[in-house]
Amino acid sequence: EDASGSVEHLFEWYTAGPVETESANPNIKFNQSPEDAEHFQQTMETIGALIAGRRLFDVAQGWNGAHPTGVPVFVVTHRIPTPQEWPHQDAPFTLVSDGVDSAIAQAKLAAGDRDVVIASPSIAQQALDAGLLDVITVDLVPYLLGSGTPYFANLASAPVRLDEPTIRRGTRATHLSYRVLR
């Protein structure tokens, strides 16, 4: 995100093309390039659960109870929202207040043989430091924001060696994937 908390530049590639791509949330549709649509669909097929931090959950307003991936979502939080703050009690969201390790264990169980995705900088940092992150995926976009929330600042485990990247070119994004070497 940038200094004002906006993420619009980071997700421009979701709307930079002619291919309409539906998500699991009927209120969220994308118009992507053919390359990005293919990448997006292939990625969605591999995801079995998603972990988010409370800040992302709040900024996204809990995706109104329907995350675009359509998979179980585990939200790491220090404070469970009240039913008035979170009216979607029947949504496939689990609010986890006993830490990142617990959220990852619960998400792995829910995901089965599919991938668990971490969508928050602080949670990704904690998982990497705990040795629980196997792959880092980056959608590199052509913007220099100058400030905001960095994904991998202040790592206790730095330096972290990554394998050679898998690279996919898109429109308004280059999709990179690195295995974490231990």
**Student:** So, R114 side chain and E45 main chain: donor-acceptor pair closer than 3.5 Å or not?
**Tutor:**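 Answer holds: yes.
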
**Student:** Minimum heavy-atom separation for E22 to Q41, with atom names?
**Tutor:**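 Closest heavy-atom pair between E22 and Q41: O-NE2, 4.0 Å.
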
**Student:** Hydrophobic cluster membership, with links at side-chain heavy-atom distances under 4.5 Å among I/L/V/M/F/W/Y: are V19 and M44 in one?
**Tutor:**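 Looking at the clustering, M44 is in a separate group from V19.
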
**Student:** By salt bridge (Lys or Arg N to Asp or Glu O under 4.0 Å), which residues pair with E85, not counting sequence neighbours?
**Tutor:**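 Only R79 meet the salt bridge (Lys or Arg N to Asp or Glu O under 4.0 Å) criterion with E85.
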
**Student:** With a 4.5 Å cut-off on side-chain heavy atoms, are P92 and V73 touching?
**Tutor:**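 V73 does not reach P92 side chain to side chain.
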
**Student:** Judged by atom type as modelled, is there a donor-acceptor pair below 3.5 Å linking the side chain of S23 to the main-chain atoms of I28?
**Tutor:**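 Flag set: sc S23 to bb I28 pair under 3.5 Å.
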
**Student:** Report yes or no: does N25 contribute a side-chain atom to a donor-acceptor pair with the main-chain N or O of N27 at less than 3.5 Å?
**Tutor:**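 Indeed, once roles are kept as given, a pair shorter than 3.5 Å links the two residues.
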
**Student:** Measuring from R54:CZ to T77:OG1, what's the distance to the nearest 0.5 Å?
**Tutor:**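 One finds 4.0 Å between CZ of R54 and OG1 of T77.
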
**Student:** How far apart are the closest heavy atoms of A49 and A107, and which atoms are they?
**Tutor:**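 Smallest heavy-atom distance, with atoms named: CB-O, 3.5 Å.
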
**Student:** CD of E164 to OG of S177: how many Å apart, nearest 0.5 Å?
**Tutor:**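 OG of S177 is found 12.5 Å from CD of E164.
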
**Student:** Is the backbone N or O of A52 less than 3.5 Å from a side-chain atom of S120, with the two atoms forming a donor-acceptor pair by type?
**Tutor:**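 Checked: no pair found.
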
**Student:** Find the distance between OG (S157) and CD (Q126) and round it off to the nearest 0.5 Å.
**Tutor:**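 S157 OG to Q126 CD: 11.5 Å, rounded to 0.5 Å.
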
**Student:** Using a 3.5 Å distance criterion without hydrogens, assess whether the side chain of T43 forms a donor-acceptor pair with backbone atoms of H39.
**Tutor:**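 Here the side-chain-to-backbone pair exists.
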
**Student:** Membership question, hydrophobic clusters at under 4.5 Å side-chain separation (ILVMFWY): are V117 and V135 in the same one?
**Tutor:**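 Looking at the clustering, V117 is in a separate group from V135.
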
**Student:** Does atom CG (N154) have a neighbourhood of more than 12 heavy atoms from anything else shown, all under 6.0 Å?
**Tutor:**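 No - once you tally the heavy atoms of other residues, nucleotides and ligands closer than 6.0 Å, there are 12 at most.
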
**Student:** Work out which heavy atom in P18 is nearest to a heavy atom in N31; give both atom names and the distance.
**Tutor:**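 Taking P18 first and N31 second, the nearest heavy atoms are O-ND2, 4.1 Å.
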
**Student:** Take K29 and T21 through the side-chain contact (heavy atoms from CB on, under 4.5 Å) test and state the conclusion after the steps.
**Tutor:** CA-CA 6 Å; K29 293 185 177 166; T21 308; over 6 Å; no

**Student:** Check for a donor-acceptor pair, side chain of Q89 on one end and backbone N or O of W86 on the other, with a separation under 3.5 Å.
**Tutor:**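 Yes, the answer is positive, given that a donor and an acceptor are paired below the 3.5 Å cut-off.
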
**Student:** Side chains of residues 10-17: which donor-acceptor partners sit under 3.5 Å, not counting sequence neighbours?
**Tutor:**
residue, atom, partner, partner atom, Å
E12, OE1, Y143, OH, 3.4
E12, OE1, R172, NE, 2.7
E12, OE1, R172, NH2, 3.2
E12, OE2, Y143, OH, 3.1
T15, OG1, E12, O, 3.2

**Student:** Minimum heavy-atom separation for A130 to D101, with atom names?
**Tutor:**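 Where A130 meets D101 most closely, the heavy atoms are CB-OD1, 4.1 Å.
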
**Student:** Taking only Lys NZ, Arg NE, NH1 and NH2, and the carboxylate oxygens of Asp or Glu, determine whether D134 and R182 approach each other closer than 4.0 Å.
**Tutor:**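 Yes, charged N to carboxylate O under 4.0 Å.
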
**Student:** Using a side-chain heavy atom cutoff under 4.5 Å and only I, L, V, M, F, W and Y, what cluster partners does I51 have?
**Tutor:**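 Traced through the cluster, I51 reaches F74, V76, V96, V100, I104, V116, I118, I123, L128, L132, L133, I136, V138, L140, Y151, F152, L155, V160, L162, I167, L176, Y178, V180.
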
**Student:** Quick one, T137 and H175 - any side-chain contact, counting heavy atoms below 4.5 Å?
**Tutor:**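 They are not in side-chain contact.
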
**Student:** Within a strict 4.5 Å, meaning less than it, do heavy atoms of the H67 and V71 side chains meet?
**Tutor:**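 No, their side chains stay 4.5 Å or more apart.
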
**Student:** Measure the OG-CG distance between S147 and L145 for me, rounded to the nearest 0.5 Å.
**Tutor:**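 One finds 7.5 Å between OG of S147 and CG of L145.
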
**Student:** To the closest 0.5 Å, what do you measure between CD (Q32) and CD (E20)?
**Tutor:**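 Interatomic distance, Q32 CD to E20 CD, rounded to 0.5 Å: 10.5 Å.
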
**Student:** How close do G62 and F93 get, counting heavy atoms only, and between which atoms?
**Tutor:**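 Closest heavy-atom pair between G62 and F93: O-CZ, 3.6 Å.
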
**Student:** Under 3.5 Å, is there a donor on one side chain and an acceptor on the other for T46 and Q42?
**Tutor:**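 The criterion, which ignores hydrogens and geometry beyond distance, is not satisfied for Q42 and T46.
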
**Student:** Determine the minimum heavy-atom distance between L56 and A119, stating which atoms define it.
**Tutor:**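 Looking at all heavy atoms of both residues, the closest pair is CD2-O, 3.1 Å.
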
